[in-house]
Amino acid sequence: REGVLRKQDQLGRVSRDQFACLLPRIAGEGVAILAANKILGALEAPIAIGDRSFAPEAVIGIAMYPDNGEDPQTLGRNGKLAVRAARGAAERVVAYDPVHGESEEKTMRYAARLRRSLEENALRLVFEPQLDLRSGRISGLECLLRWTDAELGEVSEAKALEAAEAAGVTRELSWWIFNNALRECAEMARAGLQVPLSLKVAAGSLLQPEFPDFVGRALRTWGIPPKRLVVEIHETALAGGLEQVKEALARLKGHGLRLAIDGFGTGSSSLSNLAELPLDELRLGAAFVGDMQRAPVHEKIVRSLVRLARDLGLAATAEGVEDGATALALSTFGCERIQGGYVSPPMTAQEILALEKGGGGLSRVTLRPQA
């Protein structure tokens, strides 16, 4: 209040970590944004607690009367929608736009459909083979979520995870993926295919206190040796707090499984963060790998990331490899494994089992010839 708000401004608490400021007689949206940035500066001043200093992070959403609502309920709702938009914006101060409401409605629709799909067990899993560039054999499988909805059509894995967060079912979705993936992995092992299985974990699941113990129980339930499971987190998970992530990964590591980070270089985490985590593998995303032949700068980035992985003692796996030239370049860089259309499209567990029973075997998947 001191030095930021005026006497006529009102301040109220909305929830545990949300506040609302009512600023009467503001001369337009531009002035509101200036006021919001002033408030932001006050909120982000370091706070000393004992011998430690904490730097809070805040975002602000703005709703203007009467343009964005003529009653308190509508203004409050639209202010919250602007806050949600601000969480993903670089400025961290966002004025309400009607598109925010449309986006929210769409998100809620996806969330409702995902809840129903989980209840009806309508989701499915596929597995993308990973090729060892040194031996020329399939050395791993990455599990991918597939969601085909009667109303929404084919929904991407990223969108499904976003919908899970909006619906508050991130835990349920992760539990479903792990149990079903490990069950199908056990079936493939009984058929003679015993290769590592990689599973993506959403940040919301990773930071749940019970998650590492759940993974340990699931491994014992399905009889999967821990060393054959690779838990994969995206770089954005580090935004949840490095210390929390380190603790969660250390507990997972305690079960004997392997850890991989995906998307490194596309977010804001530092090299020191990478060095501090108990990782075994670095995943090179398709965003860089897929454009290596067309964008020389991406080729340089990939080469640097492979070298970084080697220097840190991490294995490097490249995703999105679609042609022989890219595979050859990655092999030259020292990348251990690749996956993508050049190796094999994702397959269901049934398709993989049929290959094994037919004598073809994943280890003998025919690679696409270089065009």
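For the single chain, residues carry numbers from 1 onward in sequence order. The analysis underlying the following values was restricted to heavy atoms, covering all of them including side chains, and did not include hydrogens, waters or symmetry mates. For clarity, every value in this text was computed on a predicted model and none was experimentally measured.
Side-chain atoms of D280 come within 3.5 Å of backbone atoms of L259 as a donor-acceptor pair (strictly under, hydrogens ignored). D291 places no side-chain N or O within 3.5 Å of a backbone atom of R294 that could act as its donor or acceptor partner. Without hydrogens or angle criteria, D9 side chain to R6 main chain gives a donor-acceptor distance under 3.5 Å. Using modelled atom types, one side-chain atom of N78 and one backbone atom of N68 make a donor-acceptor pair closer than 3.5 Å. Judged by distance alone, with hydrogens and angles left aside, the side-chain atoms of E165 form no donor-acceptor pair with the main-chain N or O of E162 at under 3.5 Å. Not one N or O on the side chain of S331 forms a donor-acceptor pair closer than 3.5 Å with the backbone of A327.
Note on R337 versus D132: no salt bridge recorded, every NZ/NE/NH1/NH2 to OD/OE distance being 4.0 Å or above. In this structure, R146 does not pair ionically with E157, as no charged nitrogen and carboxylate oxygen lie closer than 4.0 Å. Between R251 and D213, at least one side-chain nitrogen of the basic residue sits less than 4.0 Å from a carboxylate oxygen of the acidic one, meeting the salt-bridge criterion.
A donor-acceptor contact under 3.5 angstrom links the side chains of E128 and Q339, judged on distance only.
Every pair passing ring pair (Phe, Tyr, Trp, His ring centres under 6.0 Å) that includes a residue from residues 294-333 is listed here, sequence neighbours excluded: F288-H298.
Relative to the ring axis of W175, R171 places its NZ or CZ within 45° and under 6.0 Å from the centre.
Between F211 and V201 the shortest side-chain heavy-atom distance falls below 4.5 Å.
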